[in-house]
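Everything on this sheet refers to the single structure shown next.
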Amino acid sequence: MNDSALITTGLPIALAIIMFGLGLSLTTDDFRRVTRSPKAVVVALVLQVLVLPLVAFGLVKLFDLDPLLAVGVMLLAASPGGTTANLFSHLFRGDVALNITLTAINSVLAAITIPIITNLAIDHFDAQGDLGLQLGKVVQVIAIVLIPVAIGMAVRRRSADFAARADRPVRIFSIVVLVIVSAGALLGERENLADYMQQVGLVTGIFCLASLTLGYAGARLLRLDERQAIASSMEVGIHNTTVALTIALSVLDSTEVAIPSAVYSVLMYVLATAFGYLVTRRHSDAGKSLGQPAG
């Protein structure tokens, strides 16, 4: 799988289109909005950039994962939220404007945090013989994450109508690419799939639930409102696994490193849906209880 033109050339191009589509949904005002709700933005970013890698590292050590799978989990933890988080936030009545702001900032930060966290993981888990994210590859990561977003934003500034028309097709394309790449990564390691699922299925499931819970609970503990807490939960809990898969397969040239993200990309839809339903239902039930007359 790693040697195919589909992965070495097609996947980076596909990701560039996806990130271009993300750029089409952003404006410079999305970055400025941080000044309007700084606490909400800071809470989510601290959780995503600092806390999640620590949670992932703890799980990797606890479950004693194979070095390449461990690097894959850390790469997943370093990956930003994406437009899927915005969609889930909308479905469960979160603050979508906050999600868009967080996605905008995360897209910039990811170009820095992904190489740092991934290189630290490669060194710590002694995977240097199999992997390497040297300067040239770091530049490649920055290019596939940042440049298409910047171009998309520039296009939107010149033609908002085109950006609006392109939004739905790019979203559909994103989902199709994610399904194809995830399935391909899993099939590429089908001989070891049962073992990998046993090793990383539980880890990625726990990580997803922990991410969703931390995003929500952290926001509520710091007295953010319910809509902001839901937005934070979805942004922290739903990662842009297409970024992680592209880096694993095209930059690091390792199907094994891609396995955690491939498994996560399946689990996150189920777990985020269940989590969003439980949170909104609990909030709705609490509101009904408060609205009932005493008697």
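Numbering of residues begins at 1 and proceeds along the displayed sequence. Computed over heavy atoms, backbone and side chain alike; hydrogens, waters and symmetry mates excluded. Note that this is a predicted model, so its numbers are computed, not measured.
Exactly one of V49, L54, L47 qualifies for a side-chain contact (heavy atoms from CB on, under 4.5 Å) with V51. That residue is L47.
Counting heavy atoms from C-beta outward, I238 and L87 have side chains that stay 4.5 Å or more apart. At least one side-chain heavy atom of V279 sits under 4.5 Å from a side-chain heavy atom of Y216. The side-chain heavy atoms of E256 and L69, taken from C-beta on, include a pair separated by under 4.5 Å. Counting heavy atoms from C-beta on, the side chains of L271 and C208 come closer than 4.5 Å.
Between the OG1 atom in T113 and the CD atom in Q48 there is a gap of 8.5 Å [rounded to 0.5 Å]. Between the CG atom of L59 and the CG atom of D64 there is a distance of 13.0 Å, given to the nearest 0.5 Å. To the nearest 0.5 Å, atoms CG (L221) and CG (L214) are separated by 10.0 Å. The line from CD of E226 to CZ of R93 is 11.0 Å long, rounded to the nearest 0.5 Å. Rounding to the nearest 0.5 Å places CG of D123 at 6.5 Å from CG of N119. Within the model, atoms CG of L45 and OG1 of T101 stand 10.0 Å from one another, a figure rounded to the nearest 0.5 Å.
For the pair T213 (side chain) and A210 (backbone), a donor-acceptor distance under 3.5 Å is absent. Counting only distance, with no hydrogens or angles, the side chain of S232 and the backbone of G215 share a donor-acceptor pair below 3.5 Å. Checking side-chain atoms of T280 against main-chain N and O of Y277 turns up a donor-acceptor pair under 3.5 Å. Of the possible donor and acceptor atoms, one in the side chain of S107 sits under 3.5 Å from a partner among the backbone N and O of T103. A donor-acceptor pair is defined here as one N or O able to donate and one able to accept, closer than 3.5 Å; such a pair exists between the side chain of T246 and the backbone of T242. The closest donor-acceptor contact from the side chain of S250 to the backbone of I247 lies at 3.5 Å or more, if one exists at all.
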Should Q199 and D66 be marked as a side-chain hydrogen bond (donor to acceptor under 3.5 Å, both in side chains) after you check the CA-CA gap, both sets of side-chain angles, and the distance that decides it?
CA-CA 9 Å; Q199 289 186 64; D66 171 87; over 6 Å; no
Derivation of the side chain to side chain contact (heavy atoms under 4.5 Å, CB included) call for V243 and M19:
CA-CA 9 Å; V243 171; M19 299 308 285; 4.2 Å; yes
Could you walk me through whether F20 and V155 pass the side chain to side chain contact (heavy atoms under 4.5 Å, CB included) check?
CA-CA 9 Å; F20 171 74; V155 170; 3.9 Å; yes
Taking it one step at a time, do N99 and F88 satisfy side chain to side chain contact (heavy atoms under 4.5 Å, CB included)?
CA-CA 10 Å; N99 280 104; F88 270 82; over 6 Å; no
Does N86 form a side chain to side chain contact (heavy atoms under 4.5 Å, CB included) with E235? I'd like the steps, not just the answer.
CA-CA 7 Å; N86 303 351; E235 192 69 30; 3.8 Å; yes
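Minimum interatomic distance between M74 and F125 (heavy atoms only, all atoms of both residues): CG-CE1, 4.1 Å. Summarising the geometry of P53 relative to A77, their closest heavy-atom pair is CA-CB, 4.1 Å, with the distance given to 0.1 Å. Nearest heavy-atom pair across A40 and Q228 is CB-NE2, 3.9 Å. Listed here is the closest heavy atom pair of A258 and L245: O-CD2, 3.5 Å. Looking at every heavy atom in both residues, L249 comes nearest to S254 through CD2-O, 4.0 Å. A pairwise comparison of heavy atoms in I114 and S79 identifies CD1-CA, 4.2 Å as the closest pair.
With sequence neighbours left out, the side-chain contact (heavy atoms from CB on, under 4.5 Å) criterion links L202 to F63, I206.
Linking Ile, Leu, Val, Met, Phe, Trp and Tyr whenever their side-chain heavy atoms come within less than 4.5 Å puts V41 and V46 in one cluster. V42 and V108 fall within a single hydrophobic cluster, where Ile, Leu, Val, Met, Phe, Trp and Tyr side chains are chained together by heavy-atom contacts under 4.5 Å. Both L52 and L222 belong to a common hydrophobic cluster when Ile, Leu, Val, Met, Phe, Trp and Tyr are linked at side-chain heavy-atom distances under 4.5 angstrom. Taking hydrophobic clusters as Ile, Leu, Val, Met, Phe, Trp and Tyr residues chained together by side-chain heavy-atom distances below 4.5 Å, L109 does not share a cluster with I147. V149 and I151 fall into different hydrophobic clusters, where Ile, Leu, Val, Met, Phe, Trp and Tyr are joined by side-chain heavy atoms under 4.5 Å apart, directly or via other members.
Residue pairs that meet the ring-ring contact (aromatic ring centres under 6.0 Å, His included) test with at least one member in residues 219-251, sequence neighbours left out, are F207-H239, H239-Y264.
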